[in-house]
Amino acid sequence: MEARVRKPKIYQKDNEGTVTVNNKIDLNLYRVKKNKKRKAKAFTKISYALIVLAIFFSGLVVLTGYTSITSNKTKLHNLDLEIAELEKQLTSLSGKIETLKTDANIVEEAQYKLGMVYPDESQIVYFTFEDFETKEPSKEKHKIIDEIQAMIKSFTDSY
């Protein structure tokens with residue numbers, strides 16, 4: 001029996017990067033290289049997919065922001081319309097208040113709604129400062145003052 005002598009393996013690489021052993025293509029190295037290429041392709045596919053997903057989600061964020069801005073603009077517009085309407089009401093009500101504050105309107109309401117009647121000339125008593133400044137009042141003036149005091153006394157006594 002003769003012992004087989006193994007030939008030493010001679011690895012060579014050609015210009016294309018193919019590894020050969022004893023002028024034969026090494027299948028194990030070829031498979032490893034092919035797996036590396038496959039993994040590189042898978043990595044690029046995954047990276048492209050991640051880039052697409054990132055663009056998609058950034059677009060969603062932009063759209064969400066845009067819808068928020070649009071809804072805030074519509075709320076602002078509605079509030080501006082409400083402010084304009086309330087300002088119109090304010091001017092109309094302030095005009096009504098001014099008409100209700102006039103003397104003629106107050107007198108009219110007092111006469112018709114509250115029953116106010118202007119006093120007659122016989123009911124009006126006029127006083128001047130001269131009446132009180134004299135040292136000796138006349139008897140007529142005393143009479144008027146006495147009458148007023150009597151009227152006041154009768155009012156206070158009745159209560």
Side-chain angles (χ1 to χ4, degrees), residues 13-19 27-159:
K13 199 174 202 183
D14 61 1
N15 291 341
E16 296 174 7
T18 307
V19 177
L27 293 178
N28 288 335
L29 289 174
Y30 178 74
R31 286 183 190 141
V32 168
K33 196 173 193 182
K34 194 173 183 182
N35 283 340
K36 283 184 182 179
K37 283 183 183 180
R38 236 187 255 152
K39 285 181 182 178
K41 283 183 183 179
F43 178 74
T44 56
K45 286 180 183 179
I46 290 173
S47 63
Y48 287 147
L50 289 175
I51 289 171
V52 167
L53 283 174
I55 291 171
F56 176 74
F57 283 118
S58 64
L60 279 178
V61 168
V62 169
L63 285 177
T64 304
Y66 180 72
T67 56
S68 172
I69 289 170
T70 305
S71 67
N72 286 338
K73 280 184 180 180
T74 56
K75 287 178 186 176
L76 181 65
H77 180 69
N78 291 339
L79 288 174
D80 286 339
L81 292 176
E82 187 177 346
I83 286 171
E85 183 180 326
L86 290 173
E87 284 177 349
K88 285 179 186 177
Q89 286 180 355
L90 178 67
T91 56
S92 126
L93 292 174
S94 63
K96 286 181 182 179
I97 288 173
E98 289 301 320
T99 57
L100 292 175
K101 280 185 175 180
T102 60
D103 292 338
N105 194 18
I106 292 172
V107 168
E108 182 180 321
E109 284 203 25
Q111 286 177 344
Y112 295 115
K113 290 184 179 178
L114 302 175
M116 181 188 88
V117 179
Y118 280 109
D120 292 335
E121 284 295 322
S122 63
Q123 295 174 331
I124 300 174
V125 178
Y126 295 100
F127 292 101
T128 60
F129 289 111
E130 295 173 0
D131 293 340
F132 297 107
E133 292 178 2
T134 58
K135 291 185 181 179
E136 289 185 33
S138 66
K139 291 183 182 183
E140 290 178 25
K141 292 181 183 177
H142 260 314
K143 275 186 180 181
I144 295 173
I145 293 173
D146 289 339
E147 287 178 18
I148 293 172
Q149 285 177 349
M151 286 174 31
I152 291 172
K153 202 178 236 187
S154 68
F155 281 126
T156 55
D157 288 343
S158 65
Y159 293 110

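Being a predicted model, the structure only gives us computed values, none of them experimental.
The side-chain heavy atoms of V117 and Q111, taken from C-beta on, include no pair separated by under 4.5 Å.
For I148 against V125, the heavy-atom pair with the smallest separation is CD1-CG1, 4.5 Å. Scanning both residues, V107 and M116, for their nearest heavy atoms gives CG1-CE, 4.5 Å. In terms of heavy atoms, T74 sits closest to S71 at OG1-O, 2.6 Å.
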Exercise. So L86 and Q89, side-chain contact (heavy atoms from CB on, under 4.5 Å) or not? Walk me through it.
Worked result: CA-CA 5 Å; L86 290 173; Q89 286 180 355; 3.6 Å; yes
Exercise. Between L76 and K73, does a side-chain contact (heavy atoms from CB on, under 4.5 Å) hold up when you go through it step by step?
Worked result: CA-CA 5 Å; L76 181 65; K73 280 184 180 180; 5.6 Å; no
For this session: Take E109 and L100, measure what side-chain contact (heavy atoms from CB on, under 4.5 Å) needs, and give me the verdict at the end.
Result: CA-CA 9 Å; E109 284 203 25; L100 292 175; 4.0 Å; yes
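To the nearest 0.5 Å, atoms OG1 (T102) and CD (E108) are separated by 8.5 Å.
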What pairs of donor and acceptor atoms, side-chain ones from residues 42-64 against any protein atom, are under 3.5 angstrom apart with sequence neighbours left out?
from, atom 1, to, atom 2, distance (Å)
T44, OG1, A40, O, 3.3
T44, OG1, K41, O, 2.7
S47, OG, F43, O, 3.2
S47, OG, T44, O, 2.7
S58, OG, A54, O, 3.1
S58, OG, I55, O, 2.8
T64, OG1, L60, O, 2.7

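When atom types are taken as modelled, the side chain of Q123 and the backbone of D120 share a donor-acceptor pair closer than 3.5 angstrom.
For CG of N78, the number of neighbouring non-hydrogen atoms (other residues, nucleotides, ligands) closer than 6.0 Å is greater than 12.
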